[in-house]
Structure formats: structure tokens, C-alpha cells
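Taking it in order: structure first as C-alpha cells, then the write-up.
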Amino acid sequence: MFLCIGTNMTEAHPVAATFLKNAVLNGAELIVVDPRKQPLVSFASLHVPIKVGSDIAFLNGVMNVLITDDLYDREFVSSCCVGFEELKAKVLEYPPKKAAELCGISEDLIREVAHRLAAAESCMLCYTLGITEHTCGKNNVMSTANLQMLLGNMGMECGGVNPLRGQNNVQGACDMGALPNVFPGYQAVTNPDARAKFEKAWGVKNLPDKNGLMIPQMMEGLVDGTVKAFYIFGENLANSEPDIAKVEHELSSAEFIVCQDIFPTETTRFADVIFPAAAWCEDDGTFTNSERRVNRVRKVSEPPGMAKPNWWIFRELAKRMGHEWSSASSQELWDNEVSVLAPSLAGIKYKRIENDGLQWPCTNEDHPGTCFLHQDGCFTCGLGQFNPVDWTPPAEVPDDEYPFVLSTGRRLYQYHTRTQTGRSGMDFLLPEETADISPADARKLGIDHDEIIKVRSRRGAFEVKANVTEQIPPGMVWMAFHFRDTCANWLTNPVYDPDTMTAEYKACAVTVEKL
Amino acid sequence: MTTGTIRLNGNDVEFEPGQSILDVARDNGIDIPTLCYLKGATPTGACRMCVVEVAGARSLIAACSTPVTDGMEILTDSERVHRARKLNVELLLASGTHNCLTCEANGNCRLQDLAYHYGITDIPFSITPQPYPTETDNPFIIRDFTRCILCGRCVQACNEVVVNLAISYGYRGADSKIVAGTDVPYFESDCVFCGQCVEVCPVGALVEKKSRYMGRPWDMKKVRTTCPYCGVGCQLWLHINKEGKIAKVTAVEDGAPNKGRLCVKGRFAYDFIYSEDRLTTPLIKENGEFREASWDEALDLVAEKFKELKEIYGPDSIAGVSCARSINEDSYQMQKLFRSVIGTNNIDHCART
């Protein structure tokens, strides 16, 4: 069985979705929890169209039924988990009636989901940004983990909590320590032993001992003057961050911006210096996918003009700031530094991943890699910790002035801000953005399919073509951020989960105007 | 059905329950030619290329769709079998236009291989002209019905492998055609342009438009790499032509995690690297305009500025965002620069956004 919540896999991870569809054709059951009737729904035995941002209410409601009807995995909970009593106390505050009201679905549907989950031998839970891009994103994730632990669906091949990572190497960038709190391999910068280890390896003294800033904090620092210089490597922040007007004010406030990219973008306009970089196919290296599999990437041609590999640019800067680094190729960086310094990657060397990649943890060169985590309920931290959480609404909810909820995401035929797909012929398949609205709302507002309408939030407004579709429930507008002039991020709300600082791209209030 | 023994070309061999004649033969190193057979999909027995002789059977039977049973006696290499296969190839060659000269599949075509194998020089049947025009109205996939042998691999791939449910068999008899929806162009149908149909087409009926005239298969070098789009990490073969350019992308058949599958972006959205828009030289902004600069000048400028800011405001006055699209080694190097050279943990990337 699969429980897909907040994941439009068919469009955002199309090949992963093919395997899920194969399983459904072979008899597996699929439950899709999503406000939209997105493409996966046609393969589902149950579609649970919860309101945007009501995930925790739904999951707590399901757990309420599992506990009150005594359907949960008592053995797994008692032998592998801690904190059950606290979880029980919390989810008992969410009887199906209350949960159903918060989610805009029926009580029976919540009961039905709970009973089907309990009856399944195992269930794989998949989520994507529908879970994380909320002000309660961290709690949403905790809630999915609570459910899977309660059902005993952890530590097995067809179970677990499976986030589908959005970009080819977002997993790897985390693993490499491109995060303000950890060195490569998730070793905390606040840990003196970890600092000592990296000081020795890198031949430096006094590595910084407090966590650094996260992206939204960096950008706010550009305005208040605490951050003077901003080095943006391969990110188009001017389109990808919420509230473009705010983002552009922040970028224009910087004293000094360095951009390193393969194309001029809306973001490079703000740069003082632009470094031209090698692209995919112009350098050897590795990407790490959603399954923690480290795969090889290979060079087939030289970068154009004077463009250089990114690692080379960083190495040159280090040299000009007084540091000579010995590794002079991606393989040397991986084999001699990354895999030496990150214990979970210790067994992964280029020679071992010539063909299929290896999944970390892979702790020595004889280790076959790890297909799934927490085997037999043995969690990395020991016992699995239940983290009871309360539902909280999105920061901005529809009101009389802005009566629609805008939720955002990705479409199959474009990728993010179109820097790549916009230069690969994909515009033929998706030449422009649309505002997707329900037939009921279209009728109410007298809007025809393909009619140009105006969508407005407290942050911005633009004209865009209406796409009237049964996919969308009444009260919702759905858009992507692929096209500059009609980018959903002119409208989105720059509010963040307090811990993860992930923005609430999935919910803000807008109005739809017929022109 | 149980494990047992069959007699295959005079030798006793074991089989597992559920295996087809084709499976058992291939497990034992015996080649049976196929055109329609697609691993992982329900065998259809459509092309009849894999016919074999089974003792007691009245006619030749298709190896791909026939399960073995205990005690079966099978001949895969008899004269009767080869006569039937050759006749099959001749009939296929007579249906439509199988002209190899400018066919993209030349050198990578199962029908051409079989015609060569059976030494077919003259086709003893009149060639039936094929009535359907070639579809070229999208930038990615060409559907040349004159070369289609109706093997149905594309239908199996679309419906059973990637489950996009966009194409099926249409019409009947001599009018048969592989149709998208109600026989509309791919672009107007439910097709999502994953190109799995092209990947499995054994002839030149379905080809990648971008790769046309980019080079012959025997001139291509295949390089394995990982897709640069979503987090699935599909394994690709880049087909590199004599000029060193990517002529086309196909999936690594048995590679993890995608097992021979790709989506529209992985298969067709690779040529952005050749865009005229690429940044090719360091740029420095002066009086609001960018001007070209040497690496030395640009790098020195940035290094000096960072040193100056670090000196005046401290290392935490500098912040950086790494790239979740680029390789691990680049992110490693950037965080190392920030931590060990600049002296700040102000390094992040878009995992949170």
C-alpha cells in the first residue's frame, strides 16, 4: 500500500511515479491525500481532498482512530518507540469529527483511511513539498513519522517515510554540509570534536563554532546590513523565493553580490561579479538522489569560452585568500576528502560507482550500501521518538478581501525557473503559465477557460490565463513559478517554518478578478 | 505449474515455475529472435518472430507467450522454425517502406538485423504502401508509420511500463495503426512525451527528432551519466557523436533506480548546455553595466572584497548559497571555502525552499 501526501509525483518525479503505477496495476492499494485531483488520483482507491494546510489535523485524526479503535501496531510501538502516551494524549484531542471539520472532509473518510492503513501488511508513505512548504512544515513531517511508527511501518523495504527530493542533488548538497549547522556527513559545527576533526583535515584553526544563517535570514541580513556580501552559486533566487518584490529589494540592498552560474538569470542582474561556470556534462562528479544513492556524473565536453568547473573557482578563491588546496579534480575531492571525512560515505569511492551508485550509509569499502533505514525498527537514534504536534493554520488564510487560497508547485514540462527547460524546446509543450481554478468558481465569476484574469495577493498582482479544471477544488487557485511575468512568487507569502525556515509556498490568500 | 525439466534442442534443462519458453531458452544461452517481446510487460506474441517447434503441437508456437510445462520437447533451431521466421521477416519487409538509406535506425534496427541474418535480398511479395502520413509536428518525436511493423512494443511500454496510457492499437486488419487517443497527434493526446515508445521501438518508426542527422549509431560513443533534473537520479546513456555533441539520450536498461525509464525532461531537455545564452567569460559590473574580465581580475576582485569585509565587519558579514543542481564536489568545496577560508557557517542551499 502507498499513502501519498503532498506529492504530485506524476509531474514532479515522473519516473518514480511509473513504479508506483506498476505496483497499483499489480494490485497495490494507493491512497492520495491532496487538495487537488492531481494525476495520481486516477490510480488511487481513495482520494482524500483535505484543505490546504490541514495535514496535521488529518494525520492526528487518523491516529486518533488507530488508537481508539485499537488498530495500531502495539508490538512495534512498545518495543521500538518512546513517547506513545504523549502522542496518545495529543491525538485524542483530534476526534474524527473535529479533524474532519478542519480538513473539509467527512468523518467517515478519516475512519476509512485509518482502517485501510491498519489492514495493510505494510504501507510506504511518500511526501514532497506539499508537506514541507508550510509554516508548520517541520510538524507536518513529524506527524507523518508519528503515523508510520504507530503503524509499525518503519525499517522495512516497502514502508518508511519517504521524502521525494525536488532537485537532482538537493540530497547531496545537504550531505556535503552546504547547510549552516553541519559539516559534511551531518557532523554538527557546534560539536568541538567535529570541529577539531575538520580543523586537522583542512589545516586550519578556529573553525566557527556557532550555526550560520539560513537563506531567508541571509537575505534579511542584506537589508539590515549585517550581511554585506552574498555569494549565489547556481540559484535563481529572484524567481524562486517567495514575494519577488521583497527578494529584489533584499538583493538590491547588498553591498556586494557574486553570482556563479551557467546563464544570465533574473538574479545575476544584481551581481557585482559573475563567474561563468561549467554545466552538467562539462565536469565529472557525483549527484546523490532521493534514495541517498551516490551516482556518477560524467564530462563529455569542455565548458564554453572561459567557463570553469565550480570546484576550480572555489579553489582559486581560496588560493587568493591564502589557502592552497591539494585536491585538483572531482575524483580527488570525493575520494580523498568527502569520503574520508563523512563516515556514512566512507565506503563510497569513484571506482565502486562506475555503474550503479551506492546508497549511504556505506561505512567501508566492503559495505554494499543501505537500501532502507531503521531496519527491524532499530532507529539511528535508538528508539523511535513520537513527537506529538498540534495543527496550526497557514499564516495567511482566505478572507473577504482575498477569498481564495493560492497553492503552488511544479508542472511536468518545465523545471523551476526555466533556465534549462526554457532552452531545451520545452516551451513547445508548456509555453505559458496559467492560473488553475475550479469550474464552480469560474462559473461564479463568469470566467471562461483561457480567459485572461488578474490574480492578486497582498504582495503583488499579474494577469494570467485561466485554466478551468476539475483538478482544482472550489476556493483554490493553483500556479507554478516557471515563468517570470506570471511567477507565483510575485504573490506568495514570505513567512517561514520557525525551525526549518522553509517558506509557506503552499498557502497564501489571493483574489481572482475578471477583467 | 511446478519446477521441472524440459528437453531443449536435445538437452535436458531445468525451469522455474512461470517461465516462458523464451525465458528458459535465454537462461540456457539459446538465442531466439524477438521483435515484440518487451521485458517486464505482458508478452503479446504479436510478431511471431520467436516461433519454435514443440513436440505434439500442430503449429509452431510463440516462445515469448507460452509457459513451459514439464516434459516439453522444444526445437528452436530447426529448418521449419527458420523457414517460418524468414517468411515472417519477408512479410514485414513487404509491409510499408523499409528503406534503410536515410533511416535513423540504420545500424540499430532489429528488422534490419533479421533481414541480414536470413540473407533476404529480394522480397517475394508486393510491397503494400502504407496509408498514414508521418507525424512531425512536435519537436521531440517523429512517428513514421511507413516503418511501423505493428509489433506493439510502444503500446506495451506506454501502458504497462510507464503507465501513461496514451497509445493503443487502432483500426483493424490492413488498416491497423498505433494510435494516440482517438488517432490524434501525440501533441493533442494524453501523451506526456516521456519517449518510452521511442526507447523500445525496434525499427525506425519512432525516432527522436533532435537526433536526426546527428550521426550514425556506429559513430556514437555512449557515456553513462545521471539526469540533471529531479531527485530520482535516473541513469542515462548520452550518445555522443563524432563532433562530441549529445545526439540523443536513452535510459540505462537495467540501471538503478530507473530501470530503463525516463521522462520528458530527462530524455529531451539536455541541449540547454549548447545554448547561445551561456555565460562564457567573467563579468564585472561597472557603473551599472557588466563588462568582460579575465579570471585573474574577477577572482582577485572577489578575494580582495571578501578579505576587506572580513577584516572590517567579521567573517559573518559574508553569506553564501550553494547549488542543489551541481555536483556534490562543488557543494563540498563551497562550504569548505566558507568555513575554513572565510571563517563563517553562513552557507546554505535551497533544501529548505
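The chains referred to below are lettered A, B, ... by the order of the sequence lines, with proteins before strands, and numbering in each begins at 1.
Under the 4.5 Å side-chain criterion, counting only non-hydrogen atoms from C-beta, B:Val341 is not in contact with A:Leu317. Looking at heavy atoms from C-beta onward, B:Phe140 lies in side-chain contact with A:Met426 at the 4.5 angstrom threshold. Side-chain contact between A:Pro180 and B:Ile347 is absent, with no heavy-atom pair separated by less than 4.5 Å. Side chains of A:Pro208 and B:Pro315 form no contact here, defined as non-hydrogen atoms less than 4.5 Å apart. Within the 4.5 Å cutoff, no side-chain heavy atoms of A:Arg296 are placed close to those of B:Thr225. Inter-residue side-chain proximity for A:Glu282 and B:Ile273 is flagged as met; some heavy-atom pair is nearer than 4.5 Å. Here the side chains of B:Val163 and A:Asn22 are in contact, with some heavy-atom distance below 4.5 Å. At least one side-chain heavy atom of B:Met334 sits less than 4.5 Å from a side-chain heavy atom of A:Tyr231.
Remark: B:Arg339 is positioned above the aromatic ring of A:Phe183, its terminal NZ or CZ atom under 6.0 angstrom from the ring centre and at most 45 degrees off the axis.
We find the NE2-SG distance between A:His13 and B:Cys234 to be 10.5 Å, quoted to the nearest 0.5 Å. Atoms CD1 and OG1, from A:Ile274 and B:Thr281 in turn, are 10.5 Å apart once rounded to the nearest 0.5 Å. The CG atom of B:Asp254 lies 9.0 Å from the CG atom of A:Asp356; values are rounded to the nearest 0.5 Å. Between A:Glu11 atom CD and B:Cys230 atom SG the span is 12.5 Å, to the nearest 0.5 Å. Here the SG-CG distance, from B:Cys323 to A:Asn236, works out to 11.0 Å after rounding to the nearest 0.5 Å.
When A:Phe43, A:Phe314, A:Phe230 are compared by the number of non-hydrogen pairs under 4.5 Å with chain B, A:Phe314 comes out ahead. Interface remark: of the candidates A:Asn310, A:Thr10, A:Asn289, A:Thr286, A:Thr286 forms the most heavy-atom pairs closer than 4.5 Å to chain B. For the set A:Phe19, A:Trp334, A:Trp312, the entry with the most heavy-atom pairs within less than 4.5 Å of chain B is A:Phe19. Most heavy-atom pairs under 4.5 Å with chain B: of the set A:Leu164, A:Leu207, A:Leu429, A:Leu237, this distinction falls to A:Leu429. Contact tally against chain B (heavy-atom pairs below 4.5 Å) for A:Lys308, A:Gln217, A:Glu316, A:Glu302: the top residue is A:Lys308.
With respect to B:Lys336 and A:Glu337, a salt bridge is recorded, a charged nitrogen being found less than 4.0 Å from a carboxylate O. Contact check on B:Asp316 versus A:Lys228 returns no salt bridge, with no Lys/Arg side-chain nitrogen under 4.0 Å from an Asp/Glu carboxylate oxygen. For the pair B:Arg278 and A:Asp261, the salt-bridge criterion is not met [side-chain N within less than 4.0 Å of a carboxylate O]. The residues A:Glu255 and B:Lys305 are annotated as salt-bridged, a charged nitrogen and a carboxylate oxygen being separated by less than 4.0 angstrom.
Without hydrogens or angle criteria, B:Trp295 side chain to A:Met306 main chain gives a donor-acceptor distance under 3.5 Å. Checked by atom type and distance alone, the side chain of B:Lys210 never pairs as donor or acceptor with a backbone atom of A:Gly425 at under 3.5 Å. Proximity of a side-chain donor or acceptor of A:Asn168 to a complementary backbone N or O of B:Gly231 within less than 3.5 Å is not detected. Formation of a donor-acceptor pair under 3.5 Å by the A:Trp280 side chain with backbone atoms of B:Thr226 is found in this model. Remark: the backbone N or O of A:Ala178 is not paired with any side-chain donor or acceptor of B:Gln335 at under 3.5 angstrom. Between the side chain of B:Asn346 and the backbone N or O of A:Leu213 there is at least one donor-acceptor pair closer than 3.5 Å.
Between the side chains of A:Asp175 and B:Asn328, no donor-acceptor pair of N or O atoms lies under 3.5 Å. Checked by atom type, the side-chain pair A:Thr18/B:Arg261 shows a donor-acceptor distance below 3.5 Å. Between the side chains of A:Asn169 and B:Arg325, not a single donor N or O lies within less than 3.5 Å of an accepting N or O.
Heavy atoms of A:Gln260 lying under 4.5 Å from chain B are absent altogether. Residue A:Leu222: no heavy atom, backbone or side chain, is found under 4.5 Å from chain B. At a 4.5 Å heavy-atom cutoff, B:Ile312 makes no contact with chain A through either its backbone or its side chain. Contacts between A:Ala278 and chain B at a heavy-atom distance below 4.5 Å involve the backbone alone (N, CA, C, O). Heavy atoms of A:Ala342 lying under 4.5 Å from chain B are absent altogether. Residue contact with chain B, scored on non-hydrogen atoms closer than 4.5 Å, involves the backbone and the side chain of A:Arg315 alike. Proximity to chain A is absent for every atom of B:Ala251, based on heavy atoms less than 4.5 angstrom apart. At a 4.5 Å heavy-atom cutoff, the contact between A:Cys281 and chain B is made by side-chain atoms alone. The contact between A:Val258 and chain B is made entirely by side chain atoms (from C-beta outward), counting heavy-atom distances below 4.5 Å. Residue contact with chain B, scored on non-hydrogen atoms closer than 4.5 Å, involves the backbone and the side chain of A:Lys210 alike. Using a 4.5 Å cut-off between heavy atoms, A:Val24 makes no contact with chain B at all. Neither the backbone nor the side chain of A:Gln171 has a heavy atom closer than 4.5 Å to any heavy atom of chain B. Using a 4.5 Å cut-off between heavy atoms, B:Ile318 contacts chain A through both its backbone and its side chain. Proximity to chain B is limited to the side chain of A:Ser301, based on heavy atoms less than 4.5 angstrom apart. Heavy atoms closer than 4.5 Å to chain B are found in the backbone of A:Ala12, but not in its side chain. Residue A:Gln331 does not touch chain B at all, counting heavy-atom pairs closer than 4.5 Å.
Across every non-hydrogen atom of A:Val170 and B:His349, the tightest pair is O-NE2, 3.5 Å. Minimum heavy-atom separation, B:Glu329 to A:Trp311: O-CB, 4.4 Å. Looking at every heavy atom in both residues, A:Val273 comes nearest to B:Ala298 through CG1-CB, 4.1 Å. Closest approach of A:Val227 and B:Ala319 over heavy atoms only: CG1-CB, 3.9 Å. Nearest heavy atom pair, residue A:Pro264 against residue B:Leu279, reads N-CG, 3.8 Å.
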**Prompt:** Going through the checks in order, is the side-chain contact (heavy atoms from CB on, under 4.5 Å) test met by A:Thr268 and B:Phe290?
**Reply:** CA-CA 10 Å; A:Thr268 59; B:Phe290 286 111; 5.6 Å; no
**Message:** Working note: B:Phe272 + A:Thr421, criterion side-chain contact (heavy atoms from CB on, under 4.5 Å); need CA distance, chi angles, decisive distance, verdict.
**Reply:** CA-CA 7 Å; B:Phe272 64 90; A:Thr421 49; over 6 Å; no
**Message:** Using the rule given for side-chain contact (heavy atoms from CB on, under 4.5 Å), can you reason through B:Asn345 versus A:Asn181, listing the C-alpha separation, both sets of side-chain angles and the distance that settles it, and then say yes or no?
**Reply:** CA-CA 7 Å; B:Asn345 284 315; A:Asn181 59 336; over 6 Å; no
**Request:** I would like to know whether B:Ser340 and A:Lys205 meet side-chain contact (heavy atoms from CB on, under 4.5 Å); could you show each step before the answer?
**Result:** CA-CA 8 Å; B:Ser340 74; A:Lys205 291 196 174 81; over 6 Å; no
